[in-house]
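In listed order, ligands and their atoms are each counted from 1. Along the sequence shown, the residues carry numbers beginning at 1. None of the values given here were measured: they were computed from a predicted structure.
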Amino acid sequence: MGKIVSIEPFLLGKQTTSAQWASLMVLVRVTTSDGQVGWGETVTALRSKTMVESVRSISRIFIGKDPFNVEKNRLEWYKHDFNNSISLESTSAFSAIDIACWDLIGKYTGEPVHRLLGGVTREKVKIYANGWYSDCVSPEDFTKKAREVVSKGYKALKFDPFGANFNYISKEGIDIAEKRVKAVREAVGEDVDILIEHHGRFNYSSAIDIAKMLEKYNPLFVEEPVHPEDIQGLKKYRENTSLKVALGERIINKAYAVLFMNEGLVDFLQADLYRIGGITEAKKISGIAEAFDVDMAFHNAQGPILNAASIQLDAVIPNFLIQESFYDWFPQWKRDLIRDSTPVEGGYAIVPKRPGIGVEINEKVIEENVVKGEEYLNLKEPIWVVKGTWRDSL
Ligand SMILES: O=C(O)[C@H](O)[C@@H](O)[C@H](O)[C@H](O)CO
Ligand SMILES: [Mg+2]
């Protein structure tokens, strides 16, 4: 088996798309001395140039290494990078390389990654839709688009009904959010799960007021109800509602996740493979979560490589809840980038049996979509918002 000879980041995308937070992606190609290729992906997070450079810098640790030694290689990175415990740039670059190495291991052995991680616990994984509600402002907008999601077969969908409210939300703001939530619940019926995204933007008292409203709509979970660093606020939130809390998309290592689980502050953990340390660390964190009786709902808001890698892990872990997916709302170039997709059918993604993470890259699409520069920055609507929903009145 070959050693790693090159690690190349490609910044791909379009500077303006309907999904700004994911308009660009960093694709990473890892090549071995015997010509095998593995693919990884990481996030840009308004730092596209930085992320590309970060992949280049840390790749020096991996050149000449055996891609099979994911643990030893990770330890080398951990040892050399003094700031990895506080650097999303470092963990995100590392994560892409780790995913590419797993893809290589699968290709060498001829096995899908899930068979190398523990085998199949489920042949298909339940998906929830995100990204479906761009430009939804009125309850009627939400009704129309929610019906479309259900007609595609989805059994669960997530949305943020809070418009441009930030930190504090007034009684009127809650009333508007309620009209949107009610519209979606009525459109999808009681058998489809609704998941309420807060994007970590409220103070605890506002989040508690919101929770009182949400309780009657029976969401599967509420996500990041308070600011992600506000542990004291989250404790107060937990004391004041029985709604189930999901969080963790911004967590960059397993020890940090334990802080939340140890205090009983989270029901469902949303680690993301690109930030937590690739497949290697995502598998470990799932095991730790299992010991706390916490189920996994991996965050997955970026491109087709991360989507494929997440599905591999979902197939394996015992404590799987549900998988986020933007797949049906991807810009076309992201779908074209891979030859073999894992389409969502009847609300589930069928776990692919192909070697590696299960996708082949169409290299022509790389050439056509290489971009230079930074993400388009819209100062009127924060990057994490689904396009056209940053409106606080109906
Ligand atoms: O998917 C999620 O859970 C996220 O919080 C984000 O990464 C996205 O920005 C968002 O959902 C789009 O608004
Ligand atoms: Mg989120």
For ligand 1, which atoms have a heavy atom of [X] less than 4.0 angstrom away?
{"X": "Val386", "value": "12 (C), 13 (O)"}
{"X": "Ala301", "value": "1 (O), 7 (O)"}
{"X": "Glu197", "value": "2 (C), 3 (O), 4 (C), 5 (O), 11 (O)"}

* Asked: For the residue pair Phe268 and Phe221, does the interplanar ring angle fall in the parallel (under 30°), tilted (30 to 60°) or perpendicular (over 60°) class?
  ->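 Tilted, since the angle between the ring planes falls between 30° and 60°.
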
* Asked: Any idea how Tyr108 and Phe68 line up, ring-wise: parallel (<30°), tilted (30 to 60°), or perpendicular (>60°)?
  ->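 Tilted.
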
Applying a heavy-atom cut-off of 4.0 Å, say which part of [X] lies close to ligand 1: side chain, backbone, both or neither.
{"X": "Asn130", "answer": "side chain"}
{"X": "Glu224", "answer": "neither"}
{"X": "Gln270", "answer": "neither"}

* Asked: Measuring to the Mg ion (ligand 2), does Glu223 have an N/O/S atom at a distance below 2.8 Å?
  ->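 Given the 2.8 Å cut-off, Glu223 counts as a ligand of the Mg ion (ligand 2).
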
* Residue from Arg74, Lys72, Lys79 passing side-chain hydrogen bond (donor to acceptor under 3.5 Å, both in side chains) with Glu76 ->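 When Arg74, Lys72, Lys79 are each tested with Glu76, the side-chain hydrogen bond (donor to acceptor under 3.5 Å, both in side chains) holds only for Lys79.
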
* Restricting to N, O or S atoms of Glu249, which is nearest to the Mg ion (ligand 2)? ->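 Of the nitrogen, oxygen and sulfur atoms in Glu249, the Mg ion (ligand 2) lies nearest to OE1.
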
* For the Mg ion (ligand 2), which N, O or S atom of Glu197 is at the shortest distance? ->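 Of the nitrogen, oxygen and sulfur atoms in Glu197, the Mg ion (ligand 2) lies nearest to OE2.
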
Can a side-chain donor-acceptor contact be found between [Y] and [X] if the only test is distance below 3.5 angstrom?
{"X": "Gln302", "Y": "Glu41", "result": "no"}
{"X": "Lys158", "Y": "Tyr128", "result": "yes"}
{"X": "His114", "Y": "Asp314", "result": "no"}

* Answer yes or no: does atom NZ of Lys244 have more than 12 heavy-atom neighbours from other residues, nucleotides or ligands under 6.0 Å? =>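 Open: at most 12 neighbouring heavy atoms sit under 6.0 Å from NZ of Lys244.
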
* Could you tell me whether Glu53 and Arg47 make a salt bridge, using a distance below 4.0 angstrom between a side-chain N and a carboxylate O? =>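 Judged by the 4.0 Å cut-off on N to carboxylate O distance, Glu53 and Arg47 do not form a salt bridge.
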
* May I ask which of Arg250, His299, Glu223, Lys158 has a heavy atom nearer to atom 7 (O) of ligand 1 than the others do? =>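 That would be His299.
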
* Kindly identify the option in His199, His198, Gln302 whose heavy atom sits closest to atom 10 (C) of ligand 1. =>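 Among His199, His198, Gln302, the closest heavy atom to atom 10 (C) of ligand 1 belongs to His199.
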
